Amino acid sequence: MNDADDPVAFHDALAAHGLILPTGVPGGYGRGAVFEDILQRFNELVSREAADDGAESLTFPPVVARGLIEKVGYLDNFPQLAGSVHSFFGGEAEAKALSARVQAGERWEDLLDITGVMLTPAACYPVYPLFSGRLRPGGRLVSVLNWVYRHEPSAEPTRLQSFRMREFVRVASTDEVVAWRDAWLERAMQLLQSLELPVASDVAADPFFGRGGRFLAASQREQRLKFEILVPIVSQQKPTAICSFNWHQDHFSSVFGIRTAGGEMASTACLGFGLERVTLALLRHHGLDPLQWPAGVRQLLWPDPATPRPSARCPTTS
Ligand code: ATP
Ligand code: ZN
């Protein structure tokens, strides 16, 4: 990084280059073609790295059943981050009343009611219910990529309300799951170092809510259940997590009744690359024009130079 820590200046520079497109929603900016190309290329690099692992690639919509969020304890642990979908269920008269309130500039949201879905808070959540019952020997390995929602509005470009997570999920015996998590921590460090990012790994904790949450976070750290790979993006003092590794022990397996082939309670773990954050880390460390990035980094992300690249022209100023 060549200038002092200044998240607002970084945000404005990204916007001036058309890399991000301000929408008026804090943490809800759009992505320009160059930003998106970097993000997709990094995701493809992850896929090439993991190609021999044989993960099943599954795709889910960015909404999950309300019951799933309730069951996994999300509202007990992270109510401050949850996003709930509401909609209109009324008839003609109620629709008129709704429209009149909107036109008058009055609040109208209390005329909506709760739907059966919530916004997906982590890409891995829809995976666990699939494996209720006995696993095959060796367990399962799944790859998912999804938009996730977290209610943490911020002007800081690395803290988004809606962003993408590329995750791998392992469901197997405790020994298998822990060995997999340890191997991936090493592997992800090497992958990010190969992109010339100054990464470090550390034990971490989730942002559990409230006073009770502080105890849960301390216990999570003590048991070394969560690790993060961090890199300075908007602050040298407080580096940003770009990849997280979570060992859930039997949290999801007990909720969904997942057992190993041998009949033991299964264990689960996931690792997630925050795709926007990796993109922002690359832009921060190598500059706002990917054509000027170090040759080794470019070679890893754009191995096929024949592939057309999106124009670097700024769509907001062209
Ligand atoms: P869970 O433990 O609930 O399964 P998870 O492990 O899949 O969740 P986190 O560890 O909270 O999810 O986040 C995964 C990655 O997503 C982080 O390492 C980070 O890169 C990215 N991320 C998290 N929050 C944000 C945010 N507000 N904006 C952008 N990226 C984020
Ligand atoms: Zn996860």
Side-chain angles (χ1 to χ4, degrees), residues 7 11 20 25-29 31 35 39 42-43 46 58 60 64 68-69 71-83 118-128 141-171 177 180-181 184-185 188-189 192 197 199-209 213 216-217 220-221 225-234 238-249 251-253 255 268-282:
H11 175 279
I20 66 169
V25 178
Y29 54 72
R31 286 76 163 152
F35 185 103
L39 185 150
F42 174 74
N43 183 47
V46 171
L58 304 180
F60 295 92
V64 288
L68 173 62
I69 295 294
K71 261 190 177 167
V72 301
Y74 198 80
L75 297 164
D76 310 299
N77 294 324
F78 312 108
Q80 78 282 16
L81 299 178
M118 293 185 68
L119 300 176
T120 303
C124 60
Y125 277 17
V127 173
Y128 307 108
L141 174 65
V142 169
S143 163
V144 281
L145 191 167
N146 209 347
W147 284 89
V148 299
Y149 175 84
R150 292 185 183 177
H151 183 241
E152 38 186 2
S154 167
E156 197 264 87
T158 67
R159 186 158 299 283
L160 291 157
Q161 295 201 65
S162 187
F163 57 96
R164 275 160 291 180
M165 265 188 212
R166 171 72 190 273
E167 286 204 48
F168 292 101
V169 188
R170 187 83 172 99
V171 188
V177 159
W180 175 83
R181 191 270 319 262
W184 248 115
L185 183 53
M189 280 293 283
L192 293 162
L197 293 173
V199 285
S201 63
D202 202 358
V203 176
D206 285 312
F208 293 102
F209 183 80
L216 289 173
Q220 192 184 25
R221 270 180 204 280
L225 299 181
K226 186 179 185 88
F227 288 86
E228 286 175 343
I229 294 179
L230 304 137
V231 65
I233 304 179
V234 290
K238 283 192 177 173
T240 302
I242 56 174
C243 184
S244 304
F245 304 77
N246 300 286
W247 175 28
H248 317 112
Q249 299 178 301
H251 176 74
F252 292 111
S253 325
V255 168
T268 68
C270 69
L271 72 93
F273 290 96
L275 294 178
E276 280 77 8
R277 286 193 178 173
V278 172
T279 305
L280 292 164
L282 288 163

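Read the numbers this way: they start at 1 and go in the same order the structure lists the ligands and their atoms. These values consider heavy atoms only, across backbone and side chains, with no hydrogens, waters or symmetry-generated copies. Since we're looking at a predicted model, the values are computed, not measured.
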Handout entry: From W247, F163, Y74, F227 - option closest to atom 22 (N) of ligand 1 by heavy atom
Key =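 It is F163 whose heavy atom sits nearest to atom 22 (N) of ligand 1.
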
Problem - Heavy-atom nearest neighbour of atom 8 (O) of ligand 1 within options R150, H151, E276, E152 - result: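 Answer by nearest heavy atom: R150.
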
Handout entry: F78 heavy atom under 4.0 Å from ligand 1
Key = no

Practice task
Check if E228 has a non-hydrogen atom at a distance under 4.0 Å from any atom of ligand 1.
Solution key: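 The answer is no: ligand 1 sits nowhere under 4.0 Å from a heavy atom of E228.
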
Exercise for the section: Identify the two heavy atoms, one from L185 and one from S201, that lie closest to each other, and give their separation to 0.1 Å. Expected result: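 Distance-wise, the nearest heavy atoms are CD1-CB, 4.2 Å.
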
Problem - Atom of A82, atom of L75 and distance for their closest heavy-atom approach - result: CB-CD2, 4.0 Å

Problem - Shortest-distance N/O/S atom, E167 versus the Zn ion (ligand 2) - result: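 In E167, the heteroatom (N, O or S) nearest the Zn ion (ligand 2) is OE1.
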
One residue to check: [X]. Relative to ligand 1, which of side chain, backbone, both or neither has a non-hydrogen atom less than 4.0 Å away?
{"X": "K226", "value": "side chain"}
{"X": "A122", "value": "side chain"}
{"X": "I242", "value": "backbone"}
{"X": "V278", "value": "neither"}
{"X": "P121", "value": "neither"}

Exercise for the section: Could you tell me whether C270 and ligand 1 have an N or O pair separated by under 3.5 Å? Expected result: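 So ligand 1 has no N or O lying under 3.5 Å from an N or O of C270.
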
Practice task
Give yes if a backbone or side-chain nitrogen or oxygen of F273 is under 3.5 Å from a nitrogen or oxygen of ligand 1, and no if not.
Solution key: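 Between F273 and ligand 1, no N or O pair is found under 3.5 Å apart.
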
Handout entry: Flag, side chain of Q80 to backbone of P207, donor-acceptor distance under 3.5 Å
Key = yes

